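Below: one structure, written as structure tokens.
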Amino acid sequence: MGPRVPRAALRTLARARPLPRAFYARGPRALARALLGRVLVHDDPGVGRLAGVIVETEAYGGADDPASHAHRGVTARNRVMFGPPGVAYVYFTYGMHHCFNVVCGPEGRAAAVLVRALEPVEGLDLMRRRRGGAAPGELTSGPGKLCIALGIDRRLDAADLLGDRIWLEAGRRIAPSAIAAGPRVGIDYAEEWVGRPWRFWLRGNPFVSRTRPAVVRRAGAARSGRAPT
DNA sequence: GTCAAGATTAGT
DNA sequence: CTAATCTTGACG
């Protein structure tokens, strides 16, 4: 017989455990929604736990998605997008920023979810130092910012999210009605894909990235509310 | 080898 | 609005 553990404590333990592989075995849009409210934890070597609640995500597909790195097949950079789900895809861009993604879907089928913003919950002091003394609301309110704050870089590319370096925990339960959707940021090309609401966030959450609204360049591509899937 | 563009951010 | 900063991947 093991030690008796109160039910509430069991729930806490369950919450503090990495989400199982099966959690990631679905398409990118479903996962992008499911990731909202989950806690991203980085056990930064020699530093400790840095964590935040995911409040904004974007879904990326494979060959058919012109905005995806996987659009033109496997390359050295995007290879993990084609691998098994539950793995980190971290890439470097604009010569200075990293972006953290969660690989999902069945193995062999490229798909991933970009984590665009967090609500910081653990390691705020260090995050603030790394972010140049930024205000709490600015620490992790963008894909590049959150990587700086949590110390995420390419060393974590291909890291297993069921390992001991970086993982996700269950966190909060989110009601579907609390989720808002809109066009992906920085995707102002590929006309017929621009309006697709593959960006998700917690409605009204102050830690969501401030983005200029995705501008639809060509008339006729503009859509509001529901768009083709 | 060469080169344009980038799933961004901070500052003017 | 634009500079910063350098990797990636397409093309020759």
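From a predicted model like this one, the values you see are computed outputs, not experimental measurements. Here is the naming used below: chain letters follow the sequence lines, and residue numbers restart at 1 for every chain.
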Nucleotide of dA4(C), dT9(B), dA7(B) approaching H97(A) most closely (side-chain heavy atoms): dT9(B)
Strand-adjacent residues in residues 108-138 of chain A, judged by heavy atoms under 4.0 Å from DNA chain B: L114(A), R116(A), R131(A)
Set of residues satisfying side chain to side chain contact (heavy atoms under 4.5 Å, CB included) with respect to V103(A), sequence neighbours excluded: V80(A), V87(A), Y89(A)
With H98(A) via ring pair (Phe, Tyr, Trp, His ring centres under 6.0 Å) - residues at least two apart: F92(A)
Nearest-Å distance for atom pair CG/P, residues L146(A) and dA10(B): 12 Å
Centroid distance under 5.5 Å and plane angle under 30°, Y60(A) vs dA7(B): yes
Smallest separation among heavy atoms of S209(A) and G142(A), with atom names: CB-CA, 4.0 Å
Residues in side chain to side chain contact (heavy atoms under 4.5 Å, CB included) contact with L124(A), at least two apart in sequence or another chain: P120(A), L139(A)
All N/O pairs under 3.5 Å across the protein-nucleotides 7-11 of chain C interface:
from	atom 1	to	atom 2	distance (Å)
dG9(C)	OP1	T75(A)	OG1	2.4
dG9(C)	OP1	R77(A)	NE	3.4
dG9(C)	OP2	R77(A)	N	3.4

Rounded distance (Å) that lies between atom P of dA4(C) and atom CE of M96(A): 9 Å
Between dT2(B) and dT5(C) - P atom distance, rounded Å: 23 Å
Carboxylate-amine/guanidinium contact R184(A) E58(A), below 4.0 Å: no
Nucleotide dA10(B), atom C1' - distance to CZ of R210(A) in whole Å: 14 Å
Whole-Å gap separating P (dG6(B)) and CD (E58(A)): 15 Å
Side chain Y91(A) and base dA7(B) donor-acceptor under 3.5 Å: yes
Whole-Å gap separating P (dA7(B)) and CZ (F200(A)): 19 Å
Protein-nucleotide distance (H71(A), atom NE2; dA5(B), atom P), rounded to Å: 16 Å
Residues K145(A), E138(A): salt bridge by 4.0 Å N-O rule: yes
Side-chain heavy atoms of D164(A) within contact of D43(A), under 4.5 Å: no
Cation-pi, W201(A) ring and R199(A) (6.0 angstrom, 45 degrees): yes
For DNA chain B, the dot-bracket pattern of Watson-Crick and G-U pairs whose distances stay under 3.5 Å, | for other-strand partners: ||||||.||||.
Nearest-Å distance for atom pair CZ/C1', residues R199(A) and dT8(B): 14 Å
Test: R203(A) cationic atom under 6.0 Å from F200(A) six-membered ring centre, within 45° of axis: no
Lys/Arg N to Asp/Glu carboxylate O, D125(A) vs R130(A), below 4.0 Å: no
Candidate list I54(A), V115(A), V39(A), test side-chain contact (heavy atoms from CB on, under 4.5 Å), partner L168(A), passing option: I54(A)
